[in-house]
Q: 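I have a structure here, written as structure tokens, and I will follow up with some questions on it.
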2 protein chains.
Amino acid sequence: MSDTRRKLIDGAIQTLRTRGITGTSARSIAAAAGVNQALVFYHFDSVDQLVDAACREGTAELVAEYRARFLAVTSLRELLALGRDLSVAERQSGNVAVLAQVLAGAQQDPRLAGAARFALALWTTEVEGVLRRIMAGSPVSELADPAGFAPAIAASFIGIELYGGVDPDAAASALDTLQALSVLAELLDDLGPVARRALRARLRRTGRGADFS
Amino acid sequence: MSDTRRKLIDGAIQTLRTRGITGTSARSIAAAAGVNQALVFYHFDSVDQLVDAACREGTAELVAEYRARFLAVTSLRELLALGRDLSVAERQSGNVAVLAQVLAGAQQDPRLAGAARFALALWTTEVEGVLRRIMAGSPVSELADPAGFAPAIAASFIGIELYGGVDPDAAASALDTLQALSVLAELLDDLGPVARRALRARLRRTGRGADFS
DNA sequence: GTCTATAGAGGGATAGAC
DNA sequence: GTCTATCCCTCTATAGAC
């Protein structure tokens, strides 16, 4: 893969981070990459396609970096702690912010939507794998399945990331709260069969899944 | 308040919804509002300030519309059900999407950051009031306080809203999952003193609040 | 592959007539 | 308060020299 192509991808990531989706243009990316503006079109045909590639490749690399840590997780609390570490560490490098910006742009742009869907799927798959492992045999699985739980966690972290851009204190306490609540899962495991029975009784009374209103 | 001013606010909201923060300009807003482009600057001085006003006023009106329903909530599950209703209803009118767009733009723009902070505070205050009411006396308050819980809920819903723009199915099951998990709070209330004792024992073992790693 | 130069569209903002 | 006309900027994208 050519050196210039790499520079442009990195330039796009940096520009999305520092100037947002509204400030991301062929000119601003090229300036950040230290290359000529016309090369954006030579290598990627359009700005959209460069942003698309940057989002996909940037996320793929980041997820790969964290894979070992995901594999080491053995509880919901550890998973959320990893999420918080990731959120703090990536506030510096800004890779999570990039996904948030692309996701915002994706609401009206089909090409960016594809990139955002791809990036979200990478994170969600990783989280889902962890959940599948740590929820096995836990009473928590009476309530939620990993396939629905994983996007909920991914979405929450992205929302908190955006929140952090305008109110860091509130975002920090939101992160703390999520982690504190994960103690509920451990409590359920502590209580074991007692909890499971109580849970089943309550679910019978309210009706599972469909109608919660 | 002048008729044109109102049209411009509505036009800005509609433009943010249908074209996103990247497609929102004085020209596009004026077209949506059916007024002359120069009037944006006569009434609001700049596009930024119009978007700022649209975000603040639009959110204030929406929160006011839902206030009665917030007041009627008596459990965490009902609160999340209201959130889901709101999320579904506003996907049509698009008012939540507007906040998401402004929030994305706010990451790099101090003026928009003020508007986003204001809008988020409106929602969070409402949610916090409900939590303060329904968490009173519940064992859940051993784990989380309303001031940290409220932004976590607000952020999660915004994240899910954005997720829904690229993957509606995943977003729907994320909403379902959050609601299913709220049954844990009810279980805790069912178990009463037993749960509270078990919770305290576990918190003593792990250490409260600070270090969850 | 990389550069300069530029066409052509759209954007923010203002001046000045009405 | 509202309109037209316009300035000047930035943007995407391409043509063509090197």
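This one's a predicted model, so the numbers in the text were calculated from it and none came from an experiment. Note on naming: letters A, B, ... go to the chains in the order of the sequence lines (proteins, then strands), and numbering restarts at 1 for each one. Reckoned from all heavy atoms, side chains included, excluding hydrogens, waters and symmetry mates.
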Q: Quick one: A:K7 NZ to C:dC3 C1', roughly how many Å, whole number?
A: 14 Å

Q: What's the shortest heavy-atom distance between A:Q101 and B:A104, and which atoms?
A: NE2-O, 2.9 Å

Q: Let me know the distance between CG of A:L8 and P of C:dG1, rounded to the nearest Å.
A: 12 Å

Q: Hey, can you pull the residues of residues 29-45 of chain B with a non-hydrogen atom under 4.0 angstrom from DNA chain C?
A: B:Q37, B:A38, B:F41

Q: For A:Q49 and D:dA13, what is the distance between atoms CD and C1' respectively, to the nearest whole Å?
A: 13 Å

Q: Is the shortest heavy-atom distance from the side chain of B:N36 to the side chain of B:Y42 under 4.5 Å?
A: no

Q: Below 4.5 Å, heavy atoms only, C-beta onward: do B:L86 and B:W123 meet side chain to side chain?
A: yes

Q: Near DNA chain C, which residues from residues 16-28 of chain B have a heavy atom under 4.0 Å away?
A: B:S25, B:A26, B:R27

Q: Determine the minimum heavy-atom distance between A:A171 and A:G164, stating which atoms define it.
A: CB-CA, 3.5 Å

Q: If only side-chain N and O atoms of A:T4 are considered, is one of them under 4.0 Å from the OP1 or OP2 phosphate oxygen of C:dT2?
A: yes

Q: Are A:Q179 and A:V183 close enough that some pair of their side-chain heavy atoms sits under 4.5 Å apart?
A: no

Q: Rounded to the nearest 0.5 Å, what's the gap from CG on A:L120 to OG1 on A:T125? Could you check?
A: 10.0 Å

Q: Do you know the tightest heavy-atom contact between B:L79 and B:V73?
A: N-CG1, 3.6 Å

Q: Please report the closest heavy-atom contact between B:D45 and B:Q49, naming both atoms and the distance.
A: CB-NE2, 3.6 Å

